[in-house]
Protein chains: 2
Amino acid sequence: MADVARVAGVSHQTVSRVLNDHLNVRAETRARVLAAIDQLGYRRNFVARALVTRHSRRLGVVSFDTTLYGPASTVYSIEQAARAAGYFVSIVSLRTIDRAGVRDALDYLADQGVDGIVVVAPQRSAAQALDDLPAGMPVVAVEGGHAGDVSVVSVDQVAGARLATEHLLDLGHDTVWHVSGPSDWLEAEGRIAGWRDVLTAAGRPVPEPLNGDWSPRSGYAAGRRLAAMAGDVTAVFVANDQMALGVLRALTEEGVRVPEQMSVVGFDDIPESEFFSPPLTTVRQDFGAVGRCSIEVLLRQIEADGPLARECLVVPPEFVARASASPSCRPHGAVRN
Amino acid sequence: MADVARVAGVSHQTVSRVLNDHLNVRAETRARVLAAIDQLGYRRNFVARALVTRHSRRLGVVSFDTTLYGPASTVYSIEQAARAAGYFVSIVSLRTIDRAGVRDALDYLADQGVDGIVVVAPQRSAAQALDDLPAGMPVVAVEGGHAGDVSVVSVDQVAGARLATEHLLDLGHDTVWHVSGPSDWLEAEGRIAGWRDVLTAAGRPVPEPLNGDWSPRSGYAAGRRLAAMAGDVTAVFVANDQMALGVLRALTEEGVRVPEQMSVVGFDDIPESEFFSPPLTTVRQDFGAVGRCSIEVLLRQIEADGPLARECLVVPPEFVARASASPSCRPHGAVRN
DNA sequence: GGCAAGACTGTGAACGTTAACAATGCCCTC
DNA sequence: GAGGGCATTGTTAACGTTCACAGTCTTGCC
């Protein structure tokens with residue numbers, strides 16, 4: 001910068017002013033400075049800038065297993081939205097989720113000087129870690145439950161599960177079974193709640209959920225158990241599309257036809273779902289909207305530069321009807337008599 | 001830091017020495033400093049540190065559509081390896097890939113002061129952008145072709161395609177059709193090359209590849225065309241698992257049984273593949289190894305602090321036999337007579 | 001007891017930028 | 001034509017570290 005100043009015949013401060021679009025720089029001076037910058041190939045040093053302004057224009061993202069479609073999509077849209085707003089994104093992907101791990105990640109990022117943090121915290125234990133935050137650090141939780149005083153952006157899991165369950169009941173099924181996600185996950189919990197609510201409100205029996213861990217393999221295991229009950233079970237709501245794939249596979253292997261003998265509904269709408277056999281009826285989550293909203297909320301907090309009222313944004317899910325769910329083959333009410 | 005020094009009754013420099021594990025600090029002094037740090041909750045400022053040392057301990061990653069399984073897994077393992085080595089990772093995900101976009105991303109990251117950059121550049125156009133790098137910036141390309149003088153880490157696509165094609169020939173198929181990835185992608189190109197090599201070497205006819213774009217939808221379109229040729233076509237090598245899913249779907253719809261009437265082999269081994277109907281025979285890419293290797297190479301460059309000989313690491317792929325490929329239903333050579 | 005060597009600690013100046021304030025020159029008004 | 005105000009520029013001091021060097025204190029040896 002000193003070199004630029006010398007070449008342009010001005011002071012370093014004037015160069016700084018040109019760079020920051022300050023008022024009150026004569027057009028001719030500005031041109032001379034810009035020419036010098038161009039000539040010397042000067043690039044301003046963000047680190048020095050961050051030191052004095054106390055703003056790094058970088059955000060942190062803490063996430064869990066960004067290999068999964070949901071977190072990957074969320075992180076992707078967060079990054080896009082952040083960059084569009086002129087911020088960079090530093091990512092910490094946690095292999096295992098526990099309170100200490102999340103807290104460490106938050107501390108690391110705070111040390112690194114990020115201006116704010118988005119925590120993709122879909123587990124109860126991760127959400128708890130938000131109680132002990134680095135002081136004064138703007139934070140937004142994604143899918144993070146509604147405890148504490150951290151702003152939260154999330155998809156309405158309960159509403160999504162309702163859509164799925166209601167659809168199956170509307171098709172004339174007597175009740176709906178459920179293959180759930182791991183119990184520590186808030187999303188799994190929300191989907192169970194929505195499913196249970198609808199069954200209870202309709203006065204239907206509520207079967208014991210089959211536990212899965214989001215993986216196709218666990219869905220496969222659940223599917224085998226369901227296949228053994230084919231005839232008694234005519235409809236299943238599976239907590240995500242990957243497990244639904246495993247369920248479909250197990251049913252196919254056991255000769256249970258979908259949807260004729262058993263209807264299956266998933267959750268997420270991953271790009272593959274449309275091409276399962278049969279194409280999967282599911283509930284779409286708008287991860288793009290979640291990412292964009294979380295950045296909006298976070299930037300508001302950063303720019304306010306002081307504590308702000310906590311915000312809770314909820315993104316509605318969308319039902320996607322395909323071929324894996326059809327009317328019950330039995331007249332309604334014929335079962336369990 | 002000045003506060004800590006005051007509380008501990010030493011100079012700021014001694015505090016710095018304690019923080020950096022310098023020799024020649026008396027045990028008692030060190031204890032006093034540590035106590036003061038603890039008492040004040042002092043945290044060292046990475047930005048100031050970066051300014052004077054000229055090392056941010058941050059790496060940049062440029063990638064394309066981190067929603068796809070391959071890039072997502074690669075970026076994940078890069079992040080893990082980097083953090084294990086004490087580095088943070090800033091990510092730039094590109095929506096569209098072109099030379100200018102990659103160059104801009106590299107410039108942004110360089111401005112931001114990263115110590116090195118990993119470019120996940122599976123397209124020809126992205127690889128070309130590596131010709132005009134920010135001067136003196138250590139860079140490693142992942143899946144980036146072997147031009148220029150940038151170090152490259154990649155999975156051996158040609159070998160993987162060979163494994164797939166040879167397997168199908170070994171099963172007695174007369175020839176193997178191919179559903180390819182988008183033409184700009186180096187991976188797509190490598191898979192075509194391996195496939196073509198094996199067919200040519202075996203003296204088999206080389207059918208025109210069907211073009212896809214990695215998506216299940218494009219695989220579905222290709223699958224319908226293949227189904228129309230069932231009888232003539234008995235074996236297909238599909239350039240990734242997602243497209244293979246689309247192919248399977250189309251074949252199922254058209255009543256073509258897999259593998260009895262047509263064998264299908266994919267590429268990638270995504271977690272879902274094992275649960276397709278039928279479970280997909282495929283070629284596994286070890287994305288974890290790719291990520292780890294790329295960080296190793298990059299850190300070597302950074303620590304050498306000067307130009308280093310270019311390295312080209314190749315990670316071998318692994319064949320995974322499942323149920324979607326089986327011996328030809330026709331005696332070998334019975335076709336095209 | 002003096003002296004050299006090594007252990008330990010402190011002082012001042014960087015690093016490259018922005019903030020705060022001061023200084024200059026010009027125009028306009030009275 | 002003197003003075004107030006504004007536009008433009010320069011000067012100095014931060015920001016929070018580490019580096020280079022200069023001390024001071026101990027220890028051991030002659």
Side-chain angles (χ1 to χ4, degrees), chain A residues 1-37 40-58 86 88 108 110-115 134-137 305, chain B residues 1-37 40-58 86 88 108 110-115 134-137 305:
Chain A
M1 185 148 134
D3 296 342
V4 173
R6 204 172 313 119
V7 170
V10 296
S11 72
H12 63 162
Q13 176 63 338
T14 300
V15 176
S16 172
R17 275 192 271 257
V18 169
L19 251 28
N20 292 309
D21 282 329
H22 265 240
L23 304 164
N24 303 340
V25 176
R26 210 161 23 143
E28 189 227 335
T29 313
R30 177 188 310 276
R32 224 166 53 228
V33 170
L34 290 175
I37 286 174
L40 294 164
Y42 163 82
R43 330 204 57 169
R44 110 164 103 183
N45 183 323
F46 269 66
V47 176
R49 191 181 156 83
L51 179 61
V52 64
T53 60
R54 302 154 124 35
H55 289 296
S56 59
R57 294 200 77 80
R58 260 173 42 233
F88 275 79
Y108 280 137
D111 278 356
Q112 268 275 319
V114 298
D115 292 345
M137 173 66 69
D305 197 33
Chain B
M1 183 146 136
D3 296 342
V4 172
R6 204 173 313 119
V7 170
V10 296
S11 72
H12 63 148
Q13 176 60 353
T14 300
V15 177
S16 173
R17 274 192 270 256
V18 170
L19 251 27
N20 293 308
D21 282 330
H22 265 240
L23 303 164
N24 304 339
V25 177
R26 208 154 32 133
E28 189 227 336
T29 313
R30 177 188 310 276
R32 223 166 54 231
V33 170
L34 289 174
I37 286 174
L40 294 164
Y42 162 82
R43 329 205 58 168
R44 124 163 87 181
N45 183 322
F46 270 67
V47 175
R49 191 182 157 82
L51 179 61
V52 62
T53 61
R54 300 151 130 27
H55 289 296
S56 59
R57 294 201 76 79
R58 259 174 42 234
F88 274 79
Y108 280 137
D111 278 356
Q112 268 275 318
V114 298
D115 292 345
M137 173 66 70
D305 198 33

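Letters A, B, ... are given to chains in the order of the sequence lines, protein chains preceding strands, and every chain is numbered from 1. In what follows, every heavy atom counts, from backbone to side chain, and hydrogens, waters and symmetry copies are set aside. Please read all numbers here as calculations on a predicted model, not as lab measurements.
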Requested in this report: Assign V47(A) to base, sugar-phosphate, or nothing according to its heavy-atom contacts below 4.0 angstrom with the strands shown.
Outcome: nothing
Query - Closest-nucleotide 5' rank along DNA chain C - winner of V15(A) and T29(B) - result: T29(B)
Query raised in the report: When you match V52(B) and V25(B) each to their closest nucleotide on DNA chain C, which lands nearer the 5' end?
Result: V25(B)
Nearest-0.5 Å distance that lies between atom [atom1] in [X] and atom [atom2] in [Y]:
| X | Y | atom1 | atom2 | answer |
| --- | --- | --- | --- | --- |
| M1(B) | N45(B) | CE | CG | 10.5 Å |
| D115(B) | H55(B) | CG | NE2 | 6.0 Å |
| T29(B) | N24(B) | OG1 | CG | 11.5 Å |
| R17(A) | S11(A) | CZ | OG | 6.0 Å |
| F46(A) | F88(A) | CZ | CZ | 6.5 Å |

What nucleotide, of [options], holds the atom closest to the side chain of [X]?
| X | options | value |
| --- | --- | --- |
| R54(B) | dT17(D), dT18(C), dC15(C) | dC15(C) |
| R17(B) | dT18(C), dT9(D), dC21(D) | dC21(D) |
| N24(A) | dT8(D), dT17(D), dG16(C) | dT8(D) |
| V10(A) | dG10(D), dC15(C), dC15(D) | dG10(D) |
| S11(B) | dG16(D), dT18(C), dT11(C) | dT11(C) |
| A48(A) | dT18(C), dG16(C), dT17(D) | dG16(C) |
| R26(B) | dT18(D), dT17(C), dT9(C) | dT9(C) |

Report task. Flag yes if more than 12 heavy atoms outside Y42(B) fall under 6.0 Å of its OH atom; otherwise flag no. Result -> yes
Considering just the side-chain nitrogens and oxygens of [X], establish if one lies under 4.0 Å of OP1 or OP2 belonging to [N].
| X | N | result |
| --- | --- | --- |
| T53(A) | dC15(D) | no |
| T14(A) | dT8(D) | no |
| R44(B) | dT18(D) | yes |

Rounded distance in Å - [atom1] ([X]) to [atom2] ([N]):
| X | N | atom1 | atom2 | result |
| --- | --- | --- | --- | --- |
| F46(A) | dC15(D) | CZ | C1' | 18 Å |
| N20(A) | dG16(C) | CG | P | 17 Å |
| E28(B) | dC25(D) | CD | P | 16 Å |
| Q13(A) | dA14(D) | CD | C1' | 12 Å |
| I37(A) | dT17(C) | CD1 | P | 10 Å |
| H22(A) | dA7(D) | NE2 | P | 15 Å |
| M1(B) | dG12(C) | CE | C1' | 14 Å |
| R32(B) | dG10(C) | CZ | C1' | 13 Å |

Query raised in the report: Is there a donor N/O on one and an acceptor N/O on the other, under 3.5 Å, for the side chain of H12(A) and the base of dT12(D)?
Result: yes
